[in-house]
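Just follow the structure's listing: the first ligand is 1, and inside any ligand the first atom is 1.
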Amino acid sequence: MRIANLNGRLSVVRSLDGTDTAFDVHTASRGRFGSDPQAVYEDWDAFTAWASSADWTGGTPIDPGDLGSPAPRPRQVFAVGLNYRAHADESGYDAPDAEPPWFTKFASSITGPRGDIALPAGGHTDWEVELVAVIGRRVHRVRAEDALSHVAGYAVGQDISERVLQMAATPPQFSLGKSFPRFGPIGPWLVTLDDLDDPDDLELGCAVNGETVQSARTKELIFSVPSLISKLSSTLPLLPGDVVFTGTPSGVGLGRVPQRWLQPGDELVSWIEGIGEMRHRFVAG
Ligand code: ZN
């Protein structure tokens, strides 16, 4: 199942004759479920049970420009650094073995899969395509083998990062440099894990102006999604609708020789196999 935020309303996306078609959940459920995309995770088990047998009529073809984040207002946003070996190498760090480095993207940075993103003046703004997991059921102290039952689904994420601010303090302040407005796009929708051929091995990548700059597979994650959730949940509870950015593969601008940063007018396309793609244009801030 695919869950979308269409003009701020919770929708289920189905393919009809090859066209992605949205069904408004509040209407289709006759008010049983509200229209707020963030609220559905509080009632996730009841929602998925209803959706699996709902009568889907009256859908409308999707205009991608109307899509927002499928988790627009998470209470907690977790992100992890250096979770692909080749990215740790290009960053000049040893790959983590026991514990990955955690940080947050502050929730006001979350945005949808389309539109413009302003480049901070004087900054060095970089791309980081990432698999994003959204929590569907509160989870605290869970074993890795049980972790995925608490995940609502996966989406494409970009951990947009302004490197000057990120590196301006000692130790680096990852969270602030990665939290300018719209620096946390998520989309194009949420895909439940039963809809993915192999949720543990998805090709992901991104391109700047048509040139592929990152391409990898999620099976290369050092800490898998179940491992990340198990580790986080050993410290604190993960709440319904929380977002986990799972780390970026190699190919970021920071790791290039010479280094490369996003420029006004650049178009960034980000994708994950079986989920979909996001498209953003960068403009002068
Ligand atoms: Zn990242």
### Query
Mind checking whether Tyr154 and Val244 sit in one hydrophobic cluster, side chains of I, L, V, M, F, W, Y counted as touching below 4.5 Å?
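Both belong to a single hydrophobic cluster.
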Proximal heteroatom of [X] relative to the Zn ion (ligand 1) (N/O/S):
{"X": "Glu130", "answer": "OE2"}
{"X": "Asp159", "answer": "OD2"}
{"X": "Glu128", "answer": "OE1"}

#### Entry: Plane angle bin for Trp261 and His124 - parallel if under 30°, tilted between 30 and 60°, otherwise perpendicular
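Rings of His124 and Trp261: parallel, under 30°.
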### Message
Parallel, tilted or perpendicular: which one describes the rings of Phe47 and Trp50, with boundaries at 30° and 60°?
### Response
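Ring orientation of Phe47 relative to Trp50: tilted.
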### Message
Is it the case that over 12 heavy atoms from other parts of the model lie below 6.0 angstrom from the CG atom of Asp194?
### Response
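Yes - once you tally the heavy atoms of other residues, nucleotides and ligands closer than 6.0 Å, there are more than 12.
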